[in-house]
Structures are given as structure tokens and as C-alpha cells.
Amino acid sequence: MSDSENERSRADALRARLARLPRWWPLPACAAAGVLVGGGFGVFQTPQYTATSYVVAVPQAKADPATALGFAQAYGRVAAQVAVLGDAQVEAGMTPAQLRDSVQVATSPDAPMISISARSDRPSAAALTANAVARSLATNANHAKDSTQVKLLTFSRALEPTEPSSLSTGVTTLVGGSAGGLLGGLALLVRPRGRTEAPPAASVPGPASALARSGT
């Protein structure tokens, strides 16, 4: 028997085994695969820790709270710029690109508060980076406090996180299983159905039989 015939016979045997499986088999198969992938990701991922420092904008004698709120929004938008982070990158021991990637800045529409969150695989590094960016931002902003009439002060220092902020293994396993089950359900929806045989057509009597019936 030639190689092509062997391959054809194996393919026919595989198709026959798949045909004997129930129609809904992709659903549990995809869910199981998702559980394995999600669980493996949770086990082998590096835990990440997040520390957050807060800076508040304080109006001076010639400014009002609305002015402080506006400058807090402005400083929040430029906090991740290289010029502002000049001192922070030295203290944190990072390049400007690494510092921008690990830091997230957010502001509040109702309060002149700026939150600076740093993410790292080490709790101490996360707290150090968040505090360094907060100090650098306040220092650079306070150089212009005489003209802006707004001063930035550290409201709350970042502390070393005790638990990772990244997803746990249980959560990644659950997400993977849910995603696999969803893909399996979609595969069932788009899977072509088997051919259905057309119902037999009604028999029509021929001319001879019709004439015989009319003669009787």
C-alpha cells in the first residue's frame, strides 16, 4: 500500500471517529483547553504590585479652589512627561520609557487631587517609584507657584503593597474556561449541519393508469 493510500485511510478513520462524537463535543473541549491555558498563565506569570501616592493642589492667597482644581487637572496630564520625571527617573533607577510604562496618573473632576500609581514586580520598587514621581511632580510644579498661585503638596505617601494587584491563578483559570466555553459555543453555532434528505415527491399516475380508471 502506498503512502498516499495510508494517509487517506488514516484520514478516513479520523473522520469516522469524529462523526461518532456527539455534536456538542467542541463545547467541553474548548472549555477544558481554556482552563488549561488560563491556569498555566496564572501559575507562570510574574506577580505585579501596585503602590499609589497622592498629591494635592493647594490654592495660595490670590487663587481660589477652582483655580487649584484646574491646575491639578493640568499637572495630571503632564505628570508622565520626561521633563517632569527628570528627578524621578534617577531616584527610581529607570529609563524614561520604563518609568512612563510603569506609572499611571489619574485626576478627579471634583477635587484637586492627583493619584500616582506605580507598578512593579517588587513591592518596594512600586512604592519607591510612586513616591519619586510624586516628589518630582511637586518640585517642578512649585517652581512656578508664584505665577500660578497654586502649590502642590504630598497628601499621602505610597506604602509597600502587601498583596499583588495582578490576577490570581483562580481568576485566570475561570476567565480561560469562560472564554473557551464561549468559543466552543460559537463553534457550535457556525458548524455546518448535516445534509437533510428531501422528502420523496408524490407519485403522479401515468396516462395508462388514468385511462384505465376512467373506463371503469
Side-chain angles (χ1 to χ4, degrees), residues 33-58 67-145 147-148 150-180 182-183:
V35 167
L36 291 176
V37 173
F41 177 79
V43 170
F44 293 106
Q45 71 170 341
T46 302
Q48 296 292 311
Y49 298 85
T50 302
T52 303
S53 177
Y54 294 92
V55 177
V56 62
V58 179
T67 302
L69 179 60
F71 273 102
Q73 300 285 337
Y75 286 136
R77 286 191 290 268
V78 302
Q81 299 300 320
V82 178
V84 174
L85 300 178
D87 298 332
Q89 62 183 346
V90 176
E91 185 175 352
M94 296 182 179
T95 64
Q98 291 174 336
L99 200 57
R100 284 195 302 269
D101 292 339
S102 62
V103 172
Q104 184 176 6
V105 181
T107 58
S108 171
D110 303 319
M113 188 82 68
I114 306 171
S115 67
I116 301 170
S117 300
R119 188 179 177 91
S120 176
D121 57 355
R122 292 182 293 115
S124 58
L128 175 65
T129 302
N131 290 326
V133 174
R135 280 192 295 269
S136 180
L137 176 62
T139 300
N140 282 271
N142 291 336
H143 288 327
K145 65 181 180 179
S147 58
T148 62
V150 173
K151 185 177 181 179
L152 290 188
L153 298 176
T154 301
F155 182 79
S156 176
R157 288 175 52 84
L159 301 177
E160 292 187 13
T162 58
E163 296 181 356
S165 57
S166 54
L167 296 178
S168 63
T169 303
V171 174
T172 58
T173 301
L174 180 61
V175 171
S178 301
L182 178 60
L183 292 177

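By convention here, the first residue in the shown sequence is residue 1.
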Locate the shortest heavy-atom distance separating Pro161 from Tyr49; write the atom from each residue and the value. CG-CB, 3.6 Å
Could you go through Ser120 and Thr129, starting from their C-alpha distance and side-chain angles, then the distance that decides it, and tell me whether this counts as side-chain contact (heavy atoms from CB on, under 4.5 Å)? CA-CA 9 Å; Ser120 176; Thr129 302; 5.8 Å; no
Smallest heavy-atom separation, Met113 atom then Val56 atom, equals SD-CB, 4.1 Å
So does Ser156 get a backbone contact from the side chain of Ser53, meaning a donor-acceptor N/O pair under 3.5 Å? yes
Looking only at non-hydrogen atoms, find the nearest pair between Ala141 and Leu152 and report the distance. CB-CD1, 3.4 Å
Pairwise distance CE(Met94) to CG(Leu99) - rounded to 0.5 angstrom: 6.0 Å
When rounded to the nearest 0.5 angstrom, what is the spacing between CZ in Arg122 and CG in Leu128? 8.5 Å
Taking CD in Gln104 as the centre, count heavy atoms belonging to other residues, nucleotides or ligands within less than 6.0 Å. Is the count above 12? no
Taking Glu160 for the side chain and Ala125 for the main chain, is one N or O donor matched with an acceptor at less than 3.5 Å? no
Taking every heavy atom of Val150 against every heavy atom of Asn142, the minimum-distance pair comes out as O-OD1, 4.5 Å
Could you check whether any side-chain heavy atom of Arg157 comes within less than 4.5 Å of a side-chain heavy atom of Arg135, counting everything from C-beta outward? yes
4.5 Å side-chain heavy-atom contact, Thr52 and Tyr54: yes
From CG (Leu137) to OG1 (Thr154), nearest 0.5 Å: 9.0 Å
Heavy-atom pair with the smallest gap, counting every atom of Ala158 and Ala130: CB-CB, 3.8 Å
Which heavy atom of Val55 sits nearest a heavy atom of Ala134, and at what distance? CG2-CB, 3.7 Å
